[in-house]
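Worksheet: the structure to be examined is printed underneath.
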Amino acid sequence: MIIDGKQAAAKLRITIAKDVIALKASKGITPSLTVVLVGDDPASQVYVRNKAKQTTEVGMISNEIRLPENCSQAELLSQLTHLNNDTSVHGILVQLPLPKHLDESLVIGAITPEKDVDGFHAMNAGRLLNGESGAMVPCTPQGCIILAKQHLGNDLSGKHAVVIGRSNIVGKPVALLLLQQNCTVTIAHSRTENLPQICQQADILIAAVGRAEFVQADWVKKGATVIDVGINRIEDMVTGKMKLVGDVDYAAVSEVCGAITPVPGGVGPMTIACLLKNTLEAAKLYG
Ligand code: GUN
């Protein structure tokens, strides 16, 4: 079975758009998201354009600040201070990766946690770790849980979830969310020994390693739910054209698993929908 992320994201956006109308009517607040893009990385430009389009489509205000590739750390921090103090801005997102001369964790740390709609600030990461309410939860991990539940139902208790990848953006936060859902969680990564055997134990397998078609069919338990977070650009052997593939060998794994998210059209669309959800939440709580 294919877990359709495009459809799930469209459904979530409809709910958000309704909530935006209600918030406007009840409190006169229109949620607003500002995306900061430093430099001109082509992939980042595409992401930022998609975010802006979908933000306005749900009735929110979308702003974009573009800074040059050689922008100084001080200049970027000064922009963030300005946005932190601007009460008409509810969500701030600094598009990653940043140019090499900028300190990513310092920049993320300069965003007011209440406006950190990416959920990357140490305060939000800590709140998630402690299971405290009020955390801004990173978007891709939220999307993974929604899609897993779409197939398995709301109760994930007792399921063994194996996460491949330990990044701050996906691996670590998705592991914490799965733990919150009472899963038994294994975090595997590039140094893990016997990775195929560990993956074979997974009822829920989350692949977030950034390696094209890495997860093989014989690593997957029959009937498992597979969530593929990877977005890798590779050359199609047949046509010679570039194509997008996930971290899972989709064709082969589909034959074994119970359900799988496709790439594209799986986790990707959910990430932006969850970003809008976080922006709405920030406007409701702090607007
Ligand atoms: N670059 C790739 N994914 C993300 C994301 O989720 N947030 C930000 N800010 N940058 C990204």
Side-chain angles (χ1 to χ4, degrees), residues 5 9 12 32-55 62-67 69 71 76-77 79-80 83-84 89-100 102-125 128 135-147 163 165-177 206-211 227-233 244 246-247 261 263-264 266-279 281-282:
L12 182 52
S32 111
L33 170 67
T34 297
V35 173
V36 181
L37 176 59
V38 185
D40 34 39
D41 174 63
S44 289
Q45 289 188 32
V46 174
Y47 290 137
V48 167
R49 208 177 314 135
N50 281 336
K51 282 173 198 166
K53 181 167 171 280
Q54 296 190 26
T55 306
S62 163
N63 290 306
E64 197 178 307
I65 294 178
R66 285 192 167 228
L67 298 170
E69 181 83 21
C71 148
L76 177 53
L77 293 180
Q79 285 285 351
L80 293 176
L83 294 171
N84 287 339
V89 173
H90 305 110
I92 304 169
L93 179 148
V94 177
Q95 183 65 32
L96 303 177
L98 287 170
K100 293 267 182 295
L102 299 171
D103 181 338
E104 218 157 84
S105 69
L106 203 117
V107 169
I108 290 165
I111 301 169
T112 298
E114 286 72 18
K115 297 189 181 190
D116 166 39
V117 283
D118 259 329
F120 295 163
H121 190 289
M123 181 70 84
N124 285 316
L128 176 62
M136 278 286 169
V137 176
C139 306
T140 302
Q142 275 194 67
C144 292
I145 301 295
I146 294 172
L147 293 179
V163 178
R166 53 175 158 176
S167 70
N168 288 342
I169 296 183
V170 184
K172 284 186 217 168
V174 83
L176 290 169
L177 289 177
I206 312 245
V209 265
R211 292 173 67 172
I227 309 288
D228 189 349
V229 181
I231 301 177
N232 310 288
R233 206 170 284 276
L244 285 185
D247 289 350
T261 61
V263 178
V267 176
M270 288 304 289
T271 297
I272 301 187
C274 290
L275 172 69
L276 303 176
K277 183 166 163 277
N278 279 354
T279 305
E281 206 60 29

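Both ligands and their constituent atoms are indexed starting at 1 by order of listing. We're numbering straight along the sequence, starting at 1.
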Counting N and O atoms only, with roles assigned by atom type, does the side chain of [X] sit under 3.5 Å from a partner on the main chain of [Y], one being a donor and the other an acceptor?
{"X": "D103", "Y": "S105", "value": "yes"}
{"X": "D118", "Y": "L93", "value": "no"}
{"X": "D247", "Y": "D228", "value": "no"}
{"X": "N50", "Y": "P269", "value": "no"}

*asked:* For ligand 1, give me the residues whose heavy-atom distance to it is below 4.0 Å, by chain and number please.
replied: L93, V94, Q95, L96, D118, F120

_Spatial distance of atom NZ (K277) from atom CD1 (I272) [nearest 0.5 Å]_ = 15.5 Å

When the side chains of residues 169-176 are checked against the rest of the protein, which donor-acceptor pairs come out under 3.5 Å, sequence neighbours left out?
{"residue": "K172", "atom": "NZ", "partner": "N168", "partner atom": "OD1", "Å": "2.8"}

